[in-house]
Structures are given as structure tokens and as C-alpha cells.
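Encoded as C-alpha cells, the structure appears first; notes follow it.
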Number of protein chains: 2
Amino acid sequence: MARDDESATGLGHADMGHFVRNGGERCRECPLAECSGLHHHALEVREWIASFRKGEVHYDRGEQVFVQGTRPPYLFTVLSGVLMRTRLLEDGRRQIINFMFPGDFLGLQAAVDGEMGHSVEALTRVTLCAFARTQFFELVTQQPRLSFDLTWLAAHEEAALEEHIVSLGQRNARERMVALAVFLVQRGLDTGLAPEGVLQLTVTQGQIADMLGLSLVHTNRSLQALRRLGLVDWKLTSIRIPDLAEARRFARLDGSSQTLRPYI
Amino acid sequence: MARDDESATGLGHADMGHFVRNGGERCRECPLAECSGLHHHALEVREWIASFRKGEVHYDRGEQVFVQGTRPPYLFTVLSGVLMRTRLLEDGRRQIINFMFPGDFLGLQAAVDGEMGHSVEALTRVTLCAFARTQFFELVTQQPRLSFDLTWLAAHEEAALEEHIVSLGQRNARERMVALAVFLVQRGLDTGLAPEGVLQLTVTQGQIADMLGLSLVHTNRSLQALRRLGLVDWKLTSIRIPDLAEARRFARLDGSSQTLRPYI
DNA sequence: AACGTTCCCTGTCATTTGACATAGCAGCGC
DNA sequence: GCGCTGCTATGTCAAATGACAGGGAACGTT
């Protein structure tokens, strides 16, 4: 309980995030190196990044990595696992903003503002690579390539949020679900989390509802309808899309322009 | 009509955007210098920026600055006026993503990807400061301060989109409208477009509807309700909020952390 | 075995929002 | 004056979505 506060800052131990203080030497075994969907840096740049690495943190499902309104000491790159960004209203309503996959960078807002505008929670057991917030711009601005990559990630995150806004504003419940399922499965494919096209990820219907701005009950019924239609088979622990192209058409998603994502 | 294509690329003349080829010498009279809501660079940095400036473009209300899916040769900083980013679905549905005010940077997605994921349309007569897309990273990465500012702008745009997602997902029609009105008036105050707290900007109810994901009819009724309640008086050419704090409470917006925005 | 928890599912009814049809009103060119 | 056009306003009805209440399966703990 004395540790309770630390969990909010990425410093928690044991029960709420386990910090392992080890430096860049571990970067040779970086699990992201095997990920086919990512753009890998030149050795020189990788070593530059490694020199800033502070260690590694683990969180279990349900644990909070960042808490809205706090000033975290560390920023992270996701090494493995899946997380979600959420935003709370004072009256308890919750909106899930987006999901984060291996290679994604966590805490950009804190990097420029000091303070987080949203919370981040682990959806699976996750491993994160930690950098000191105060060193971040030293890390990034002194390597033009990293500065570019950071901007790339920010611009693409913006594009993902745009797509989500289109969903919430223009698509009905079923279209939204299909759009979300396609997005998740696609990211799963890119990061090796969806062997044989089935994403193994446990998302509750309550979480889907909070992501799509629907009630839990309506979410449930719409999911059943999609299952009957054979478009998306979304179960608690997995998402299966029999025909990705057809699902795309149904949700009126345009073709995904497959480019390699950079990471830091 | 031979010029038709150029309008999509920021090169149009006369009827669709008027390009004035003049360089950094005009930067001494930059209209943004008078804007109190902005963070102004040191002389040295301003001159560095000026050396990249390619000229100035004007667009009238209704003209498209960028068209979704095209590769624009220029990127812009807004010098005066207001614009909106929109995204179209194949079946004609339109979602307005956000509004842009003086000091905002246009075309970040094109800067990293080459291609625009959305369109940008002028809501008033606007003046834009043009940079070559191909020179952009030279401009930004060789000045750590500019690299920081660009990231700052991207992170804050992301935060604005988050807030919009919360609106679309969790707030009902009236709350959404109040939230949008507060956002617009606040940005108007920061950029000198809202003398005496009344934002002079013509936004049609159809545009409000496309921004908030509501039907035109429902938008109309909700606007009337808000007028009756005395919360927001939104007319075709102006937005007035009698009590900003009360409006914030109504829409459950948390206090805006007033910081100076950088610009490039 | 009994219990508590978490999640998925269903029924019924209320509310919100949308669709369609129509009217008014200001501006504008002629 | 007239006929346009773009925007705002209303009425009526239908569809989408939410609120509330409760049941049942799976699973871990005692």
C-alpha cells in the first residue's frame, strides 16, 4: 500500500510492476529484433539507444502503467504484450482511446508536457523498455534519425485516432466492431501475436463497449449478430476474422498501406 | 481545369489558392508575432526557419488545401484564418476530424508518409506559410529546438483528438456540442479570433453535425436546446458562451492547462 | 460442497437519435 | 418582381441504442 503510489509512476515493485535495473547490454537480445513488422535501426543507432536504456519493467494484466494526471519518471517502448490507453471522466464514464502493441512508444505526452492526459493499462503480461523522461529529448534530438522516427510514430498514432474518430462518428455499432477487430488483428499480424490470423488477446465485452462508445448490452448483441453473419468471431480470449477483405468492405475501411514501423 | 489538379497539391492559382513566391524576408512581418498565445523563437531560430520558407498561399472559404490520398509538395503553417480536417468514406459519409487555427502546422502525415490521410479545407479566408515537403526534415531535424516543437505539436494534436474521441464515445449530443464550442472559443481566445469572448467564425449546422457524428436535424434541435438553457449561443457566424466555467462543468471538461504553443 | 467473482447472455421497456418531408428566410443574380 | 441556393427550423414516425433486472457458466477460494 505504501507502494500504491509508485505503481502510478512506473516504479512499482512486485505486485504492481516489477522494475529490473539493467542497461543497454540487454539490447542485444531485444525481443523486437525478431519482429517482421518493424524497421530495424543501424547498429550505431541501436547502440546510441542502448546507452539511454534504464532497465525493463513487467506488468500483469489489469495493472496501470501510467495514471492520468501524474508525472511519470519513465517513458517506455513496448517490448512484448498489449496495452490500452484510457481516459476517465469525473463521473466515472471511461473511454478507451486505443490499444498498444510491441514497438509502440508510451508516454509521448508526458515527454513534452510532463503530465499524462490518459492512463495506460496492461491487457496481457507486458514487458517494457524504460527510458528516463528527463533524458528523452537528449536521446531523440541528437540523432536526426530518431527524431524522424518519433515524429513518424506520432503522425501514425494520429492517423489511427482519426480512424477511430471516423468509426465513432460515422459507423454504426456493427461497423465499428468490425473496424476495431480488423485493426486489432492487423496489428497482431504485424507483431506476431496472431498466428494463423487469429489474435490471441483477452478483451472483455465491457472493454469493447468502452472503446466503441456503446452500452455493454448492445455490444453483446452486436457481437452475436456478427458471429451469425460469419464476419467476426470475437470471443473473450481471441479474435478471428474468416475473411479479412470482406470484413474491410463491410466496415468501409480502405486498404491498409503496409509500411514498416520504426521503434526507439 | 488544367489547374484542377494543382488545387489538390497546394499549387493552385487564382480560383483555388493563390501562391505568392516570396522568401524569408517576409518573416519579419510574420502575423503570428503578435499572437499572445504562442511561444516565439529566438531570432537565430526564426532566421533558420525563414531560410526554408518558400512563399505564402491564400485560400478562400470552401477551398481545399489538401486532398485525401494525394501527395502535396508543400507543407504549411497557418498564418491567419481557420481550417478543418475532414475524412471521407467511399459511400459519401464525411467526418470532420478537427479544426486548425493560426500557428498550427498542416501536413505532418504527408511529411512522414508522403500521402495525406485526410483533406483540409478552409473555413475562412486563410493565409498559409509554405515549406517544401522534401526539405522538411532538413528543416526540423537540424535544429533540436524545432524537432522538440514539432513533437510538441504532434503530441498536443493527439491530445485534442483524444478529447474528441471521449466526446464521441461518452458524451451525449448536448454535451458534445458544448465541449466543441468550448474548444473552439478557447482556441479563438488564444489566437485573437474571439474578441470579447465571442468567436467570429461561420460554421454551418451541417458541419457541426459532421464533426459530432449527429444528424443535421438532431444537431439543430440540440443547438436550440442549448440556446434555451443559456449555455451556448451558436449562430451561423459566431459562437458565444455566456459562462465558460459553467459550460465546462456541463460537458465535464477538465480545466485547460494553459501553455504557450510553439510554431514553426 | 458452498461461496464469491467475473464474464457472457436474454427480456422488456425507455430514451436518444435518425429519416423523410416540408416550410421559412436571407442573399443573389437577373 | 422572379427563381435560384444555402441554411435553419418543425412535425411525424422509425430505428438504433441504452437502462434495468436477472440468469447462467466457469473458475478460484475456503
Would you list the protein and nucleotides 13-15 of chain C atom pairs, both N or O, that sit under 3.5 Å from each other?
none

Give me, pair by pair, the N or O atoms of the protein and of nucleotides 5-8 of chain C that are less than 3.5 Å apart, along with how far apart they are.
from	atom 1	to	atom 2	distance (Å)
C:dC8	OP2	A:Gln205	N	3.1

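Annotation: side chain to side chain contact (heavy atoms under 4.5 Å, CB included) contacts of A:Ala251 (sequence neighbours excluded): A:Val178, A:Ala179, A:Leu253. Qualifying side chain to side chain donor-acceptor pair (under 3.5 Å) partners for A:Asn220, counting only residues two or more places apart in sequence or in other chains: A:Gln205, A:Gln224. Every side chain to side chain contact (heavy atoms under 4.5 Å, CB included) that A:Ala194 has, sequence neighbours left out, goes to A:Leu189, A:Leu199. For B:Ser80, the side chain to side chain donor-acceptor pair (under 3.5 Å) criterion is met by B:Thr127, not counting sequence neighbours.
Within the structure, the salt bridge (Lys or Arg N to Asp or Glu O under 4.0 Å) test picks out the following pairs touching residues 203-231 of chain A (sequence neighbours left out): A:Arg94-A:Asp210, A:Arg227-A:Asp233. Within the structure, the salt bridge (Lys or Arg N to Asp or Glu O under 4.0 Å) test picks out the following pairs touching residues 73-90 of chain A (sequence neighbours left out): A:Arg85-A:Glu157, A:Arg85-B:Glu158, A:Arg85-B:Glu162, A:Arg87-B:Glu162, A:Arg87-B:Glu163. Within the structure, salt bridge (Lys or Arg N to Asp or Glu O under 4.0 Å) contacts touching residues 175-199 of chain B (residues at least two apart or in different chains) are A:Arg93-B:Glu175, B:Asp104-B:Arg187, B:Glu175-B:Arg252.
Using a 4.0 Å heavy-atom cutoff across all strands shown, A:Leu223 reaches no nucleic acid atom at all.
Between the side chain of A:Glu121 and the backbone N or O of A:Val65 there is no donor-acceptor pair closer than 3.5 Å.
Listed by residue number, the members of residues 176-184 of chain B with any heavy atom below 4.0 angstrom from DNA chain C form an empty set.
Each end of the helix from C:dA1-D:dT30 to C:dC30-D:dG1 gets its own rotation axis from five pairs of C1' atoms, and the angle between them is 30° to the nearest 10 degrees.
The span of DNA chain D lying next to chain A, judged by atoms under 4.0 Å from heavy atoms, is bounded 5' to 3' by D:dT17 to D:dC20.
The closest side-chain donor-acceptor pair between B:Thr202 and B:Arg61 falls under 3.5 angstrom.
Across A:Gly169 and B:Leu168, no two heavy atoms sit closer than the pair N-CD1, 4.2 Å. Minimum heavy-atom separation, B:Thr86 to B:His118: O-CB, 3.2 Å. The two residues B:Met211 and B:Gln95 make their nearest non-hydrogen contact at O-NE2, 2.9 Å.
Relative orientation of the B:Phe66 and B:Phe76 rings is tilted, given thresholds of 30° and 60° on the angle between their planes.
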Q) Under the ring pair (Phe, Tyr, Trp, His ring centres under 6.0 Å) criterion, do B:Phe19 and B:Tyr74 qualify, and how do the steps go? A) CA-CA 11 Å; B:Phe19 197 102; B:Tyr74 294 106; 5.1 Å; yes
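The structure places CD1 of B:Ile165 at 6.5 Å from CG of B:Leu161, a figure rounded to the nearest 0.5 Å.
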